[in-house]
There are 2 protein chains.
Amino acid sequence: MINILLADDHTMFVDGIDSILKTEPDMKVAGKVYNGPDVVSFVKENEVDLILLDVNLPDMNGIEVCKALKEFENNAKVLAISMFNEESFVTEILNNGAQGYILKNTGREELLKAIRIVVGGKSYFSDDVTQTIMKGLMKQRKASKQKEGFFPKISRREKEVLKLIVQEHTTQEIANKLFISLKTVESHRSSLLNKMNARNSAGLVRIAIENNLLD
Amino acid sequence: MINILLADDHTMFVDGIDSILKTEPDMKVAGKVYNGPDVVSFVKENEVDLILLDVNLPDMNGIEVCKALKEFENNAKVLAISMFNEESFVTEILNNGAQGYILKNTGREELLKAIRIVVGGKSYFSDDVTQTIMKGLMKQRKASKQKEGFFPKISRREKEVLKLIVQEHTTQEIANKLFISLKTVESHRSSLLNKMNARNSAGLVRIAIENNLLD
DNA sequence: TACACTTTAAGGGTTTTCCCCTAGAAAATT
DNA sequence: AATTTTCTAGGGGAAAACCCTTAAAGTGTA
């Protein structure tokens, strides 16, 4: 008997899978959880052979769940499920111990097949996913040469200054806000210009927005 | 007997709903389709009481399907389903004839309830969706008051200057590029600051990007 | 404990931006 | 044809940004 834990915040989806698995005599839905932390606590207290894990869970996403699962003794395999054939998700969750990755447009038969394969100790990926992984590997080669070394990382204080620049504050205003000297802010400004490879504040703002440097 | 058409490109999801509906004696899955055009042709040739329509279908999205359905005689109601509680989707598909909108995190019981309500001629929305619609209406009020008279439109030349500012060019450089005087560019700059309600170039860049003023 | 990085700060200078004003020529709109 | 808007351009001045150098004190990490 295969004990399966369903982890997905889309109730309708969970109920659907539940109905599908009910028809299989050798499978049993051991539980249903709707967020990341519950996955971890459930596995700690119950026997689980396989987790059907949604990558985009609230509170704690699939990748973090995988990391947490490696922290303690358990023999639960992870079959990741996602709406999106997103390269970053795929590679990251596989690097963190997931044995398979299927998309939500996978049919009933393929789902059951994937479950049995993963429980059997092998890996399973949807065809689309396989292609994505390949593409991802190709990109990595290029990316690591160009995009890397782009930002020698921006420090905490620099980011504060950057945010205030984007909010149209002048150097003097920033100095007042942060209770530091005008000269210090100027110093941070020029570090930012250097690190971000910008010529002026206009560039700073553009690059900051384009690269999502503002939390 | 309620004849239901399932329209969603996520096979696993369709199979799941199928399993759920099988348990209801008064409901029958009349068909399953995986893209927009097939919805239309299916409804033309079969008796359908309700379409469980995914908003984000390939080839032809839910909104376009709704429009197409209004073109010919049929008494199929539409219950829209989506992963996303996206304001724009919700309001647009409702304006195009959908009677209900539920999210994929809706549970089995709520789904069945929603189906019966919509088939009965009334409307049904998930609680989350209702909230979203309200928020949307609130925003519109504010947007039309604030954002409207926000830009008294930016002229062709001003936009050129704006683009070059975003690209980190100085006033002098812009003057050279456009074969006009430094003072002229300064003039455009200050018009931009005025029109866009910015304090400096940083603001110009931010507002330009945020409002997609750069084609 | 060193070593590296960050934060703080200053002097002194150049360049750029921003602001006020005015104003004719060209283009678009009515 | 008349009116409005846009584009052009200037003077002059204040503020802000940018550049270069130097350097002490604090923070974090191997």
Side-chain angles (χ1 to χ4, degrees), chain A residues 67 144 147-215, chain B residues 147-215:
Chain A
K67 281 182 189 163
S144 59
K147 214 175 187 177
E148 209 101 317
F150 213 38
F151 297 135
K153 68 207 166 205
I154 287 152
S155 73
R156 209 169 39 252
R157 202 56 156 175
E158 282 162 355
K159 194 179 251 181
E160 282 186 86
V161 173
L162 181 57
K163 277 186 208 168
L164 292 168
I165 292 171
V166 174
Q167 283 161 34
E168 298 175 55
H169 294 290
T170 67
T171 305
Q172 185 59 65
E173 285 168 358
I174 295 169
N176 295 149
K177 280 213 171 197
L178 301 182
F179 303 105
I180 54 181
S181 143
L182 179 93
K183 275 294 177 184
T184 306
V185 179
E186 275 192 331
S187 178
H188 290 311
R189 265 196 119 110
S190 96
S191 305
L192 284 167
L193 288 174
N194 253 312
K195 288 187 179 176
M196 296 169 68
N197 232 3
R199 295 179 62 195
N200 49 37
S201 354
L204 245 39
V205 174
R206 182 180 52 77
I207 295 166
I209 294 175
E210 277 177 358
N211 295 68
N212 256 61
L213 264 35
L214 315 158
D215 331 316
Chain B
K147 220 172 188 178
E148 205 98 317
F150 215 39
F151 300 135
K153 72 212 164 202
I154 285 151
S155 74
R156 210 170 36 255
R157 201 56 155 174
E158 281 163 356
K159 195 181 252 179
E160 281 186 88
V161 173
L162 181 57
K163 278 186 207 169
L164 291 168
I165 291 171
V166 173
Q167 283 160 35
E168 299 174 56
H169 294 290
T170 68
T171 305
Q172 186 60 64
E173 286 169 357
I174 296 169
N176 295 149
K177 280 215 170 192
L178 301 181
F179 302 105
I180 54 180
S181 146
L182 180 92
K183 274 296 178 182
T184 306
V185 179
E186 275 192 332
S187 181
H188 290 311
R189 263 196 122 108
S190 97
S191 304
L192 284 167
L193 288 173
N194 252 311
K195 288 187 179 175
M196 296 169 69
N197 232 1
R199 296 180 62 194
N200 51 35
S201 354
L204 244 39
V205 174
R206 182 180 51 79
I207 295 165
I209 295 176
E210 278 176 358
N211 295 69
N212 254 65
L213 264 36
L214 317 158
D215 332 314

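Hydrogens, waters and symmetry mates are skipped; everything else that's a heavy atom, side chains included, is used. We name chains A, B, ... by the order of the sequence lines, and we start the count at 1 in each one.
Paired with A/Leu162 under the rule side-chain contact (heavy atoms from CB on, under 4.5 Å), one option of A/Ile207, A/Leu192, A/Val205 passes, and it is A/Leu192. Test B/Glu186, B/Lys183, B/Arg189 against B/Thr171 for side-chain hydrogen bond (donor to acceptor under 3.5 Å, both in side chains) and you get one pass: B/Arg189.
Residue B/His188 places at least one side-chain N or O under 4.0 Å from the OP1 or OP2 atom of D/dT8. Contact between the side-chain N/O atoms of B/Ser201 and the OP1/OP2 oxygens of C/dC18 is found at a separation under 4.0 Å. In terms of phosphate contacts, B/Arg199 brings no side-chain nitrogen or oxygen within less than 4.0 Å of OP1 or OP2 of C/dC18. Look at B/Arg156 and you won't find any side-chain N or O under 4.0 angstrom from OP1 or OP2 of D/dT6. In this model, the phosphate group of D/dC18 is approached by a side-chain N or O of A/Arg189 to a distance below 4.0 Å at OP1 or OP2.
Summarising the geometry, atom CE belonging to B/Met196 is positioned 12.0 Å from atom OG belonging to B/Ser191; distances are rounded to the nearest 0.5 Å. Between the CZ atom of B/Arg206 and the CG atom of B/Asn200 there is a distance of 9.5 Å, given to the nearest 0.5 Å.
Two residues are said to be in side-chain contact when any heavy atoms from C-beta on lie closer than 4.5 Å; B/Glu168 and A/Asn197 fail this criterion. Taking the side chain as every heavy atom from C-beta outward, A/Ile174 and A/His188 never approach each other to under 4.5 Å. In this structure, B/Leu164 and B/Glu173 have side chains that are not in contact, with every pair of non-hydrogen atoms separated by 4.5 Å or more.
Distance CG (A/Asn194) to C1' (D/dC20): 12 Å, rounded to an integer number of Å. At whole-Å resolution of the value, CG in B/Leu204 and C1' in C/dC18 are 12 Å apart. In this entry the distance linking CG of A/Leu193 with P of D/dA16 reads 18 Å, nearest Å. Separating the CD1 atom of B/Ile180 from the P atom of D/dC7 is a distance of 9 Å, rounded to the nearest angstrom. Atom CD in B/Glu160 sits roughly 9 Å away from atom P in D/dC7 (whole-Å rounding). Summarising the geometry, the separation between CD1 on A/Ile154 and C1' on C/dT7 is reported as 16 Å, rounded to the nearest angstrom. For the pair B/Phe179 CZ and D/dA9 P, the interatomic distance rounds to 13 Å; values are reported in whole Å.
Within residues 165-177 of chain A, no residue has any heavy atom under 4.0 Å from DNA chain C.
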Residue pair B/Leu178, B/Thr184: steps toward the side chain to side chain contact (heavy atoms under 4.5 Å, CB included) verdict
CA-CA 10 Å; B/Leu178 301 181; B/Thr184 306; over 6 Å; no
Considering only nitrogen or oxygen atoms on both sides, find all protein atoms under 3.5 Å from nucleotides 10-14 of chain D and state each distance.
| unit_1 | atom_1 | unit_2 | atom_2 | d |
| --- | --- | --- | --- | --- |
| D/dG10 | OP2 | B/Ser181 | OG | 2.8 |
| D/dG11 | N7 | B/Lys183 | NZ | 3.3 |
| D/dG11 | O6 | B/Lys183 | NZ | 3.2 |
| D/dG12 | O6 | B/Lys183 | NZ | 2.4 |

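Taking the charged nitrogens against the carboxylate oxygens, A/Glu160 and A/Arg157 do have a contact shorter than 4.0 Å, which makes a salt bridge.
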